[in-house]
Amino acid sequence: MAFDELVVSRRSVRQYNEKNVERDKIEVLVNAAMWAPTAGNLQPLHFVVVRDKGVLEKVKLFSPGMPKTAPCVIAICADLEEAKLKGGEFAKKIAPVDSAFAAQNILLKAHHLRLGTCVVKSYNEKSIARILGLPGEMAVLMLIAVGYYDKRPKAPVRKSLSEVLHYENWEGGLKQDE
Ligand SMILES: Cc1cc2nc3c(=O)[nH]c(=O)nc-3n(C[C@H](O)[C@H](O)[C@H](O)COP(=O)(O)O)c2cc1C
């Protein structure tokens, strides 16, 4: 798939079929995530992958935003204490930004592999951390549902370029002269 098509045709998938996500595909996704930029190259992220039905059920119980049929969840976590030790308060604060870049790599690589994904931020962080057995300093920054799907959802409307693009300053709209 060409890059532009990959970016534009990726969708948040909320209806998955029962096919399991293979281990080798998960490793490809996490490898893509590891090549995303991190502040100061501190690489504070860890990826906890859940495919066990019992654990998935518990995760879904505490994640109202999680698609019910998701057969696999990747929890992007960060050791915030380690981040702080290595890079100070700034590194701790910036870890959620690192997780967003990692997540986007996962989303695009998954789409490239014809897997669907959905970012989920609606979850109870403490409960998910407990279910995943995370050590105390590890925070759950994001959940990503991953799985195969039968039908790609329709694209939700995006704003137009002229609504969001400003050249040189706020008043500078789309230039017509180039
Ligand atoms: C930070 C963030 C949090 C999100 N949380 C959820 C969520 O909890 N549940 C959900 O179904 N979708 C969630 N989404 C997906 C958005 O609803 C989706 O990206 C948006 O509607 C645009 O659709 P598209 O991804 O298909 O282009 C989230 C997306 C982002 C970036």
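Residues: numbered from 1 along the sequence shown. We use all heavy atoms of the structure for the numbers below, so side chains are in, but hydrogens, waters and symmetry mates are not. Note that ligands are numbered from 1 as they come in the structure, with each ligand's atoms numbered from 1 the same way.
Ligand 1 places these atoms under 4.0 Å from at least one heavy atom of C118: 10 (C), 11 (O), 12 (N). Distances below 4.0 Å separate heavy atoms of V120 from the following atoms of ligand 1: 5 (N), 6 (C), 7 (C), 8 (O). Atoms of ligand 1 lying under 4.0 Å from any heavy atom of S122, numbered from 1 in the order shown and given with element: 8 (O).
In the displayed structure, E57 atom CD is contacted under 6.0 Å by at most 12 heavy atoms of other residues, nucleotides or ligands.
Using a 4.5 Å cut-off between side-chain heavy atoms of Ile, Leu, Val, Met, Phe, Trp and Tyr, with links allowed through other members, Y123 and V73 fall into the same hydrophobic cluster. One hydrophobic cluster, built from ILVMFWY side chains closer than 4.5 Å, holds both V59 and V140.
Nearest to atom 16 (C) of ligand 1 by heavy-atom distance, out of R14, M66, R10, K154, is R14. Within the set R158, K121, R11, the minimum heavy-atom distance to atom 22 (C) of ligand 1 is found for R158.
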Exercise. Where do L45 and S99 land on the side-chain contact (heavy atoms from CB on, under 4.5 Å) test, with the steps shown first?
Worked result: CA-CA 7 Å; L45 305 177; S99 80; 4.2 Å; yes
Exercise. Can N17 and Y149 be said to form a side-chain contact (heavy atoms from CB on, under 4.5 Å), step by step?
Worked result: CA-CA 5 Å; N17 63 36; Y149 58 97; 5.6 Å; no
Problem set entry | Worked check of side-chain contact (heavy atoms from CB on, under 4.5 Å) between F47 and I106 | CA-CA 11 Å; F47 303 85; I106 291 177; 4.3 Å; yes
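At the shortest separation from atom 14 (N) of ligand 1 among protein heavy atoms lies V119 O, 3.2 Å. Residue, atom and distance of the protein heavy atom nearest to atom 9 (N) of ligand 1 are G65 O, 3.0 Å. Looking at atom 26 (O) of ligand 1, its nearest protein heavy atom turns out to be S12 N, 2.8 Å. For atom 23 (O) of ligand 1, the nearest protein heavy atom (residue, atom name, distance) is P156 CG, 3.4 Å.
Residues R23 and E27 are paired through a salt bridge, judged by an N-O separation under 4.0 Å between the basic side chain and the carboxylate.
Less than 4.0 angstrom separates atom 20 (C) of ligand 1 from none of the non-hydrogen atoms of the protein.
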